[in-house]
Amino acid sequence: MYDFGFISMGAISFVVYMPLFIGQRKKNEESLFWASVISLILTTVALIIMGNGDFKSGKPVFLPLLVSFLFGFVAYGIYRMNFPFKRSKFSPFTWLAILPVVDNIVFRGFGLHYLSMMSQEHQLLAWYVPLNVVVMALVCAVAYFFIFFRNGLFRSFWESGMAFVIALVSGYIYMNYGFTDALISQFAFNLWRIVFSKRV
């Protein structure tokens with residue numbers, strides 16, 4: 001396996017996420033869906049080229065999923081009180097399938113691997129979170145800020161803040177429980193976006 005280093009990791013993340021930036025031109029979730037499909041294809045290609053397909057996996061454990069489920073309820077509950085959700089027929093696939101896969105492969109599978117030199121842990125609230133998880137959460141937040149920038153500055157801050165929280169949670173779970181649990185935890189987190197977006 002080649003050691004591409006931090007710069008290559010950043011370049012790969014940029015290439016994978018560029019369709020998402022372009023896909024927000026129409027400011028709806030249908031364009032986000034198709035852009036994320038393209039990103040998923042690019043991610044898979046990058047994964048094959050780098051030969052980095054050995055992710056830890058195992059049986060899903062209850063506590064990480066419960067934490068993500070509760071975090072998602074609070075985060076999207078507050079979001080719902082401030083903003084209406086834009087919903088399309090692609091919304092469930094986007095937030096519950098494609099984006100969790102893209103996020104976990106890019107930000108966890110690639111990012112945490114190449115930032116392994118920052119593995120020392122720092123206390124964040126009640127948790128001891130590795131520094132590389134915090135750094136990738138910040139990268140994730142910046143990416144989502146620009147993805148949703150066309151929806152307005154205030155709203156893009158909300159979206160990037162949400163991305164930062166789920167990146168912290170998923171990154172922590174990835175480091176301690178493996179790829180499968182991180183993927184399912186993000187599914188549990190984003191489930192509330194679909195629930196709250198239904199018209200009452």
Side-chain angles (χ1 to χ4, degrees), residues 1-18 20-21 39-40 42-43 46-47 49-58 60-72 74-76 78-79 99-149 156-190:
M1 181 188 298
Y2 297 100
D3 184 10
F4 286 84
F6 176 78
I7 296 178
S8 295
M9 181 278 296
I12 290 170
S13 298
F14 178 80
V15 170
V16 168
Y17 268 82
M18 181 52 61
L20 287 175
F21 301 147
S39 293
L40 183 55
L42 291 175
T43 304
L47 185 67
I49 292 174
M50 296 177 65
N52 185 16
D54 185 21
F55 296 116
K56 293 186 297 180
S57 61
V61 290
F62 177 73
L63 186 58
L65 302 185
L66 178 62
V67 169
S68 299
F69 194 69
L70 294 177
F71 264 71
V74 173
Y76 283 121
I78 295 175
Y79 185 97
L99 286 180
V101 171
V102 173
D103 285 353
N104 279 283
I105 291 178
V106 174
F107 290 124
R108 261 67 75 184
F110 289 163
L112 296 184
H113 171 74
Y114 288 117
L115 294 178
S116 57
M117 74 291 294
M118 300 180 181
S119 58
Q120 65 271 23
E121 293 190 342
H122 299 271
Q123 186 170 7
L124 187 67
L125 299 178
W127 290 342
Y128 284 90
V129 182
L131 181 60
N132 57 349
V133 171
V134 178
V135 171
M136 284 312 301
L138 290 173
V139 172
C140 182
V142 171
Y144 273 79
F145 176 83
F146 286 108
I147 288 170
F148 289 95
F149 186 73
S156 61
F157 271 116
W158 275 85
E159 293 285 359
S160 63
M162 211 88 67
F164 179 77
V165 172
I166 187 56
L168 278 182
V169 175
S170 294
Y172 179 86
I173 292 172
Y174 177 86
M175 296 295 291
N176 290 277
Y177 300 97
F179 179 82
T180 302
D181 293 287
L183 184 67
I184 298 176
S185 72
Q186 188 164 350
F187 173 93
F189 189 98
N190 285 339

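Numbers for residues simply follow the sequence, beginning at 1.
Here the closest non-hydrogen pair linking Asn190 and Pro100 is ND2-CG, 4.1 Å. What you find for Ala167 and Val133 is that their closest heavy atoms are O-CG1, 4.2 Å. Nearest approach of Val129 to Val134, heavy atoms of both residues: CG1-CG2, 4.0 Å. Nearest heavy-atom pair, Ile166 versus Ser185, reported as atom, atom and distance to 0.1 Å: CD1-O, 4.4 Å. Across all non-hydrogen atoms, the minimal contact from Phe69 to Ala188 is CD1-O, 4.0 Å. What you find for Leu65 and Ile184 is that their closest heavy atoms are CD2-CG2, 3.5 Å.
Taking the six-membered ring where the residue is Trp, the centroids of Phe145 and Phe157 are separated by under 6.0 Å. Outside the 6.0 Å centre-distance limit, the rings of Tyr177 and Tyr172 are not counted as a close aromatic pair.
A distance of 4.5 Å separates CG in Asp103 from CD in Gln186, rounded to the nearest 0.5 Å. Between the OG atom of Ser170 and the CZ atom of Phe189 there is a distance of 8.0 Å, given to the nearest 0.5 Å. Between Tyr174 atom OH and Asn104 atom CG the span is 8.5 Å, to the nearest 0.5 Å. Rounded to the nearest 0.5 angstrom, Leu168 CG and Met136 CE are separated by 11.5 Å. Atom CE of residue Met175 and atom CG of residue Asp181 lie 14.0 Å apart, to the nearest 0.5 angstrom.
Within the structure, salt bridge (Lys or Arg N to Asp or Glu O under 4.0 Å) pairs that include any residue of residues 156-170 comprise Glu159-Arg193 (at least two apart or interchain).
The side-chain heavy atoms of Val74 and Leu70, taken from C-beta on, include no pair separated by under 4.5 Å. With a 4.5 Å cut-off on side-chain heavy atoms, Tyr144 and Leu99 count as touching.
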* Start with the C-alpha distance between Leu138 and Val142, add both sets of side-chain angles, then the distance that settles side chain to side chain contact (heavy atoms under 4.5 Å, CB included), and finish with yes or no. => CA-CA 6 Å; Leu138 290 173; Val142 171; 5.6 Å; no
